[in-house]
Amino acid sequence: MRDHTPWPTETAARYRAWGYWRGQTFGALLTSVAEAYPGRTAVVGEHERWTFAGLDERAHRIAAGLAESGIRAGERVVVQLPNIPEFVSVVFGLWRAGALPVFALPAHRDSELRHFAGQSGAAAIITTGAHAGHDYAAVARAVAQDVPSVREVFVVGTPGFADLAAAKPRDLPDPDPAGVAFLQLSGGSTGLPKLIPRTHDDYLYSVRESARICGLRPDSVHLAALPVAHNFPLSSPGVLGALHAGAATVLAPRPDADTAFRLIEAERVTISGVVPPLAAAWVQAAARTTHDLSSLDVLLVGGAKCGRELAERIGPALGCRLQQVFGMAEGLVCYTRLDDPDELVLGTQGRPISPDDEVRVVHPDDPLAASSDEVPAGEVGALLTRGPYTIRGYYRADEHNATAFTADGFYRTGDLVRRRPSGHLEIVGRAKEQINRGGEKVAAEEVENHLMAHPEVLDAAVVAVPDEYLGERTCAYVVPAEGTTPTAAQLRRFVRGRGVATFKVPDLVQVVERFPVTGVGKTSKRELRVALAALAKER
Ligand code: OOB
């Protein structure tokens, strides 16, 4: 089972020759930024404010502390932290120690954490104590008990973590920039989330270009409103793009308009990124806010489709420029450019970062279409991509990789798109079995498996139901076992009780006698969606 599918040697050589991969690690990046801007603010939390020199020193200490605790280069460490400054010092500490962060989201629960630790063979978990009503430390300790590779749990705010953070800095060998830097999580469409191996070289290229495309400068101030472990607030341009530019990141503990607007005013925030439902909430709140939002220059919106109507309201309501972003943890990120005409900014999800991001729009009805199977220009098709920062394979997932990538290394994104002559993409739908719940991705099969574990469930099928606010919500269709009558409330409680992120608990449950089937006898999710639409009309 391969950890990492490398780029073909010749392709890698080209990416280097063209200056995309520069042989720099994240640790080295922080060193150079801290040398250039030692006294500038790097990170602002609720109770503290660190300069680049301060962040640099903290990361050095944590790296040394990790090494002293026996964490070795190449080992994986699950990081589950909310938007607090320690997220940044811990991640850079791990990078300097040569260890690989595995980025769990604060929303993840026992079931997901167990999977990430087990799948990656993690040596440690770094988390927080009780936060927003959930005891992260308790869950991490329970996972550590059951996953044999996990030797340590470090909890921010406890003496164990304080020891780590107080270690005396020492020289550690810089890891290989072409090696895997961390494991990001896929939104997934089958079973449990796959792990995505990203290298220093490839990720730093996307960070550097994202910072440039989004106009970040040392005097920019970035607000991280979404959970920072996610690829969008982390690197598009996110915390890392801001850091690369020598700009400050303000960490919002919550993304609501009240919290965000307070921080925008107090810190003179110039740029932030949000998912469409949050953009809608900010637009609404802006009409009656007393906060001064005049510093805000750019708002990135992405993670899910930003409809034209919402796109048109953002600029006027918030007094800023809209930048649409369409990206994925697997790699490809597209942005509308700040100098694009309105028509493209409002009506597309942007064009790729790199001139060498290869995009193919192929026949949408064949899930295994080859990269040569392109639809005529301007028609809707399935998006395939490969390029200097798009992975060639998931971590330890050979079987899945065989269908998730084409033979010539294109990633099958599962997104249905239309390409404009300018290269801008319009996202028009999805061919993958995934529900995009306002930017939070739910793999239908993962939820179906949880439902099927219930003794009164014979079969389950999870589909998207259109939702005005979130874009989509989840609906679980369930066929009960003979002679049983499980209720929607029971089944939702059951899924929640299996320790999954709350956003995966089905919003709606419909108990039915049998599923409609396709010609070959498979459950027809298309018909289920039609039935759901009819039901919505009746109400
Ligand atoms: C971002 O990354 P993921 O890995 O959580 O999700 C990727 C998927 C895409 O394949 C697409 O289905 C959907 O999310 N998506 C969008 C979108 N941006 C992402 N669908 C429609 N319109 C958009 N603007 O979500 C992500 C990663 C980096 C930057 C931004 C988003």
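Numbering of ligands and ligand atoms starts at 1, following listing order. In this chain, residues are counted from 1 in sequence order.
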### Task
Could you point out which residue of Ser236, Pro233, Pro237 forms a side chain to side chain contact (heavy atoms under 4.5 Å, CB included) with Leu300?
Pro237

Look at the aromatic rings of [X] and [Y] and report parallel, tilted or perpendicular, splitting at 30° and 60°.
| X | Y | answer |
| --- | --- | --- |
| Phe26 | Phe92 | perpendicular |
| Tyr394 | Tyr411 | perpendicular |
| His108 | Phe116 | perpendicular |

For [atom], find the nearest protein heavy atom and state the residue, atom name and distance (0.1 Å precision).
| atom | answer |
| --- | --- |
| atom 23 (C) of ligand 1 | Ala304 O, 3.4 Å |
| atom 18 (N) of ligand 1 | Gly303 N, 3.1 Å |
| atom 8 (C) of ligand 1 | Lys441 CE, 3.7 Å |
| atom 21 (C) of ligand 1 | Lys305 N, 3.2 Å |

Numbered atoms and elements of ligand 1 in range of [X], under 4.0 angstrom, heavy atoms:
| X | answer |
| --- | --- |
| Gly302 | 24 (N) |
| Ile427 | 21 (C), 22 (N) |
| Asn436 | 13 (C) |
| Asn231 | 27 (C), 28 (C) |
| Val325 | 18 (N), 23 (C), 24 (N), 29 (C), 30 (C) |
| Lys432 | 9 (C), 10 (O), 12 (O) |
| Gln349 | 22 (N), 24 (N) |

### Task
Would you confirm whether the ring centroid of Tyr15 sits within less than 6.0 angstrom of the ring centroid of Tyr205?
no

Quick one: does [X] get an N or O within less than 3.5 Å of an N or O on ligand 1?
| X | value |
| --- | --- |
| His230 | yes |
| Gly187 | no |
| Gln434 | no |
| Ala329 | yes |

### Message
Quick one, Phe232 and Val333 - any side-chain contact, counting heavy atoms below 4.5 Å?
### Response
no

### Task
Would you mind finding which of Gly327, Ser236, Ser235 brings a heavy atom closest to atom 1 (C) of ligand 1?
Gly327

### Query
So which of Leu383, Leu226, Asp415 gets nearest to atom 12 (O) of ligand 1, if we judge by its closest heavy atom?
Asp415

### Task
State which residues pass side chain to side chain donor-acceptor pair (under 3.5 Å) with Ser210; sequence neighbours excluded, sorted by chain then number.
Tyr335

### Message
For Gln324, give me all partners under side chain to side chain donor-acceptor pair (under 3.5 Å), at least two apart in sequence or on another chain.
### Response
Gln349

#### Entry: ligand 1 contacted by Gln184 (non-hydrogen, < 4.0 Å)
no

### Message
Quick test of your reading of the model: are Glu343 and Arg308 salt-bridged, counting only N-O distances below 4.0 Å?
### Response
yes

### Glu309 vs Arg313, salt bridge (charged side-chain N to carboxylate O under 4.0 Å, His left out): CA-CA, chis, key distance, verdict
CA-CA 7 Å; Glu309 279 188 15; Arg313 289 164 63 195; 5.8 Å; no

### Task
Supply the atom-to-atom distance Gln119 CD to Leu192 CG, rounded to the nearest 0.5 angstrom.
8.5 Å

